[in-house]
Amino acid sequence: MSTLTDRYIAEVVRRLPGSTSDDISAEIAATIDDMVAAELDRHGDGAAAPDPDSIERAVLGRLGDPAALARRYSGARHYLIGPEVYPAWLRVLRWLMPIVGALAALTSAIVYVVTAPQAELGGLIGEVVSGVVSALLWAFAAWTLLVVIVERTTPEGGRNLFTTSTAWDPSELDHPRVRPDTRIDAIVSLSLLALLAAVPFVPSTFLYIGHLNGGETVVNPDIPTVWLAGYLALIGVLALVQIRRLARPGRSRRRLAVEVVTDIVFGAFLTILVLTQESVIHPDLVSADGDELPAAAIRWSVVATVWVIVIWDQVETLRAHRRDTAATR
């Protein structure tokens with residue numbers, strides 16, 4: 001073994017744990033010797049026999065950077081989001097971020113309108129942009145951190161909630177398996193529904209505007225109980241749909257129809273609720289000087305946000321259904 005090969009092996013093993021360096025060093029040396037011998041045999045005993053040093057350099061070049069070879073031997077994860085969970089991470093992120101952005105824009109606009117002495121368009125835009133950017137960064141970081149923690153705590157070769165691939169079998173060519181990512185969709189949807197269920201009970205102190213209404217809820221407490229009960233009942237129906245997806249993942253036209261109808265019904269219910277009530281926001285948070293503009297702006301902003309979320313959810317649902325249908329043909 002030449003000095004060049006010795007240096008190459010030394011560069012590899014110095015990046016590996018000491019307990020494995022001897023075995024790996026011997027394995028790499030044997031591999032290089034075999035590759036060099038194979039190259040020499042391939043060229044035969046002709047008059048123009050190749051230079052062994054040139055062949056050695058070519059072999060080391062094929063093995064590649066010693067640091068890269070050491071990483072392959074170490075088996076360490078040199079990535080933040082691994083290939084096994086990346087599809088689930090990206091899928092949820094693509095669906096979640098627009099919803100978070102829409103909700104953050106609505107919340108920021110309401111807070112600005114109820115706290116600014118004199119609301120101005122420039123100030124409103126600045127507040128909304130700042131709130132949306134902050135919310136998107138927090139959502140991205142929280143979702144990514146959750147996926148990373150779950151992946152890092154999963155034993156090597158094991159499966160977790162976000163793993164979308166399993167041991168493949170040729171029989172799946174005839175009978176495609178159910179896509180497991182519908183479970184992830186259901187879990188994220190249930191989490192968002194839990195947050196929506198809590199909205200009528202969120203105190204104004206949560207948004208740092210508790211001084212305006214004595215720390216009472218942001219939502220108008222005078223909204224009739226029947227509306228609140230209907231709101232919670234519809235969230236319960238949506239939750240049951242997601243629980244069924246969690247228990248029996250997969251997609252069908254019937255399930256697609258149920259999801260679309262329930263979402264549209266929920267959006268229509270919220271629209272009617274907002275437009276028929278004098279104010280869905282606590283009266284003390286709305287201008288008390290007789291100016292109806294803030295209340296009207298909040299009302300129509302809520303309606304617009306509801307339908308942006310509903311339409312986006314339907315677009316993502318239909319897109320996933322088409323992709324899964326195409327995969328099973």
Side-chain angles (χ1 to χ4, degrees), residues 1-94 140-181 183-184 323 327:
M1 191 163 46
S2 72
T3 302
L4 186 63
T5 297
D6 289 337
R7 293 202 303 269
Y8 182 88
I9 295 175
E11 284 297 308
V12 175
V13 298
R14 76 180 181 85
R15 296 176 168 85
L16 299 172
S19 58
T20 62
S21 60
D22 292 340
D23 293 338
I24 293 176
S25 176
E27 180 181 336
I28 296 173
T31 299
I32 293 173
D33 288 342
D34 291 342
M35 292 174 69
V36 170
E39 284 294 317
L40 290 172
D41 291 343
R42 188 169 65 86
H43 286 85
D45 299 326
D51 179 14
D53 291 340
S54 299
I55 289 182
E56 181 186 23
R57 287 182 176 276
V59 166
L60 296 181
R62 284 161 56 189
L63 288 175
D65 187 345
L69 184 60
R71 287 195 294 270
R72 293 200 294 270
Y73 272 107
S74 68
R77 297 173 177 175
H78 296 275
Y79 47 74
L80 183 63
I81 302 295
E84 293 295 323
V85 300
Y86 179 80
W89 172 81
L90 181 62
R91 177 183 180 82
V92 171
L93 201 65
R94 186 175 60 188
F140 178 87
W143 173 241
T144 302
L145 182 61
L146 174 62
V147 174
V148 169
I149 290 174
V150 171
E151 185 184 23
R152 292 298 189 272
T153 55
T154 301
E156 189 71 26
R159 292 182 52 74
N160 58 58
L161 177 65
F162 305 118
T163 304
T164 58
S165 63
T166 59
W168 184 79
D169 187 275
S171 62
E172 293 178 14
L173 296 174
D174 298 321
H175 305 285
R177 65 168 177 254
V178 174
R179 295 179 61 89
D181 53 0
R183 291 181 184 270
I184 303 164
R323 185 184 63 247

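Sequential numbering from 1 along the given sequence is applied to the chain's residues.
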- Item | Atom of Phe140, atom of Trp89 and distance for their closest heavy-atom approach | CE1-CZ2, 3.6 Å
- Note on the structure: CD1 of Ile149 to OG1 of Thr144, rounded to nearest 0.5 Å, is 11.0 Å
- Item | Nearest-0.5 Å distance, CD of residue Glu11 to CD1 of residue Ile28 | 11.5 Å
- Query: How about Arg14: does its CZ atom have over 12 heavy atoms from other parts shown lying under 6.0 Å from it?
  - Reply: yes
- Task: Let me know which of Val147, Val148, Leu146 forms a side-chain contact (heavy atoms from CB on, under 4.5 Å) with Val150.
- Result: Leu146
- Item | Validation row: Ile32, Met35 side chains within 4.5 angstrom (heavy atoms) | no
- So which heavy atom on Gly64 is nearest to which on Tyr8, and how close? O-OH, 2.7 Å
- Task: Measure the spacing between OG1 of Thr31 and CG of Leu63 and express it to the nearest 0.5 Å.
- Result: 7.5 Å
- Message: Distance check, rounded to the nearest 0.5 Å: Arg57 atom CZ versus Leu4 atom CG?
- Response: 5.0 Å
- Non-hydrogen atoms of Ile9 and Ser25 that approach each other most closely: CG2-OG, 3.2 Å
- Item | Between CG on residue Leu90 and CD1 on residue Ile81, distance to nearest 0.5 Å | 10.5 Å
